[in-house]
Amino acid sequence: MQMVTRRSALGALALAAPALVLPRAGRAAAWPERAVTLVVPFPPGGSNDVVTRMVAQPLSQALGQPFVVDNRPGANGNIGAAQVARAAPDGYTVLVSGNGQNAMNHGLYRNMPYDSRTGFTHVAQLASLPNALIVAESFPARTLQDLIRMAKEKPGDITFASPGSGSSGHLAMAMLMRAAGIEMLHVPYRGAAPAITDVIAGQVPVVMINVDIPLPHVRAGRLRVLAVTSEARSPLYPEAPTIAESGYSGFSANGWLGLSLPAGAPADIVARLHDAAARALQDPQVRERFAASGYIPGGGSSADYARFIDAEIAKWGSVTRDLNIVLE
């Protein structure tokens, strides 16, 4: 009788043990259990990098693990984005996805190493950032209309700078040229800082660039804002009209960025990362720093972000096709 009882007890323990020590088949371990890498596909110091570092700490606080920024620049964001597209969809490699690598590049490059519509699970939009049309203080154009009139009088004579070929500044200016029926000569730079330096020095009279970058020079009187590319005026330059209100209704050409995981990421990880991002965007310090730099907080659902990216791919694809803008 004692032997039967012992066997019964052992059998009961054997049945109970798997449920106690083994995860259920198909169920992912709790996430995150270690540090998460935020891949920024641009060099340190740019808007993508700055916003990422603003939200990394609140994300870490919300999820209980470090969020580490890893800058992987190159090919207008394609190198870092391709790295994430090839990564395991386990939630530990996150792309800071932006308008360049996740929308504009699809029209700029003949051969893309990934497809933003199928290669990622898009999670949350973090921020958008208008561009500003800036001129040197000595340049005679005082308004956008002045610049357009001058460009029509001498097609191709006026040059404009951007942070690089395929940047949001480059394509925002291309969109404006298409809308206004003007032609200006593009001078691409390797980054925003040298572009601004040459505009201040009078080497190039015009630049289209993210609103936060020229702010100290505008306040110092070295540069002047003719217009901004957002739907509403920027709080950084409340006196500067939008391009839309300057006669080009519906014009909108903002930079933006968010978070994306490799395709196939588990739904529970997507939901947790989305909720943590939403909490980060409500953090008072984040909102204060966003406002000071002219960033517009994102939001919406993961599905909203995916639909937005689809629309941006179509929008910028039409610009690159119409103006035959291609990068190799």
Side-chain angles (χ1 to χ4, degrees), residues 36-60 66-81 83-84 94-102 104-105 125-134 160-173 187-201 203-204 207-220 222-223 225 228-229 234 236-237 254-260 280-281 285-298:
V36 177
T37 299
L38 295 169
V39 176
V40 177
F42 293 99
S47 299
N48 291 56
D49 181 71
V50 169
V51 171
T52 303
R53 294 178 190 278
M54 285 183 186
V55 301
Q57 184 60 32
L59 288 174
S60 177
F67 275 69
V68 181
V69 179
D70 183 13
N71 297 90
R72 293 297 178 98
N76 205 34
N78 277 356
I79 290 177
Q83 173 193 337
V84 177
V94 183
L95 175 67
V96 180
S97 53
N99 50 283
Q101 70 277 13
N102 273 75
M104 294 174 172
N105 286 3
Q125 185 174 358
L126 293 177
S128 60
L129 182 63
N131 286 288
L133 182 60
I134 305 283
F160 77 92
S162 83
S165 294
S167 65
S168 64
H170 174 200
L171 293 195
M173 196 67 181
V187 181
Y189 283 78
R190 292 187 176 182
I196 287 291
T197 297
D198 271 11
V199 173
I200 292 172
Q203 300 298 318
V204 183
V207 63
M208 182 76 86
I209 204 159
N210 288 345
V211 292
D212 58 326
I213 295 168
L215 181 60
H217 304 292
V218 173
R219 287 177 173 169
R222 291 185 288 267
L223 297 174
V225 184
V228 295
T229 63
S234 169
L236 297 185
Y237 312 111
N254 297 335
W256 48 265
L257 67 156
L259 301 177
S260 298
L281 294 178
Q285 288 188 337
V286 171
R287 296 187 74 85
E288 182 179 347
R289 294 176 70 186
F290 271 29
S293 299
Y295 302 132
I296 302 168

Any Ile79 side-chain heavy atom under 4.5 Å of Pro73 side chain: no

Q. Does Thr197 reach the main-chain N or O of Ala193 with its side chain, forming a donor-acceptor pair under 3.5 Å?
A. yes

Looking only at heavy atoms, the pair that brings Gly255 and Asn99 closest together is CA-OD1, 3.3 Å

Val211 and Ser293 have their tightest heavy-atom pair at CG2-O, 4.3 Å

Rounded to the nearest 0.5 Å, the CG atom of Asn102 sits from the CG atom of Leu257 at a distance of 10.5 Å

Rounded to the nearest 0.5 Å, the CE atom of Met54 sits from the CD atom of Gln285 at a distance of 11.0 Å

(message) Tell me if a side-chain donor or acceptor on Thr37 pairs with a main-chain N or O of Val39 at a distance below 3.5 Å.
(response) no

To the nearest 0.5 Å, atom CG of Asn48 lies from atom CG of Leu38 at 12.0 Å

Nearest heavy-atom contact between Ile209 and Pro163 is CG1-CG, 3.9 Å

- Does the pair Met208 and Ser168 meet the rule for a side chain to side chain contact (heavy atoms under 4.5 Å, CB included), with working shown? CA-CA 8 Å; Met208 182 76 86; Ser168 64; over 6 Å; no

Subject >> 4.5 Å side-chain heavy-atom contact, Leu129 and Asp212 >> reply: yes

All heavy atoms of Ala81 vs all of Leu95, minimum pair found to be CA-CD1, 3.8 Å

Closest non-hydrogen atoms of Pro214 and Leu223, given as atom of the first, atom of the second and distance, are CB-CD1, 4.0 Å

field: Chi angles and distances behind the side chain to side chain contact (heavy atoms under 4.5 Å, CB included) call for His217, Ile196
entry: CA-CA 9 Å; His217 304 292; Ile196 287 291; 3.6 Å; yes

Less than 4.5 Å apart, any side-chain heavy atom of Val51 and any of Phe290?
yes

Review point. Using a distance-only test with no angle check, is there a side-chain donor-acceptor pair under 3.5 angstrom linking Asn210 and Ser47?
Key: yes

Between the CG atom in Leu259 and the CD atom in Gln125, the distance rounded to the nearest 0.5 Å is 10.5 Å

Checklist entry - When you measure from the side chain of Gln101 to the backbone N and O of Val96, does any donor-acceptor pair fall under 3.5 Å? => result yes

Between the OH atom in Tyr237 and the CZ atom in Arg219, the distance rounded to the nearest 0.5 Å is 7.5 Å

Check your understanding: Is there a donor-acceptor contact under 3.5 Å from the side chain of Tyr295 to the main chain of Trp256?
Key -> no

Item to check | Within-4.5 Å side-chain heavy-atom neighbours: Ser260 and Val94 | outcome: no

The reported gap from OG in Ser128 to CD1 in Ile296 (rounded to nearest 0.5 angstrom) is 4.0 Å

_Working for side chain to side chain contact (heavy atoms under 4.5 Å, CB included), residues Met173 and Leu133_ = CA-CA 8 Å; Met173 196 67 181; Leu133 182 60; 3.7 Å; yes

Between Asp49 and Asn71, is there a side-chain donor-acceptor contact under 3.5 Å, judged purely by atom types and distance? yes

Kindly assign one of parallel, tilted or perpendicular to the pair His170 and Phe160, based on the angle between their ring planes and the thresholds 30° and 60°. tilted

Between the side chain of Arg287 and the main-chain N/O of Leu281, is any donor-acceptor distance below 3.5 Å?
yes

For Ser167 and Asn76 the tightest heavy-atom approach is N-OD1, 4.3 Å

**Working for side chain to side chain contact (heavy atoms under 4.5 Å, CB included), residues Val199 and Gln203** = CA-CA 6 Å; Val199 173; Gln203 300 298 318; over 6 Å; no

Short question: side chain of Thr229, backbone of Asn131 - any donor-acceptor pair under 3.5 Å?
yes

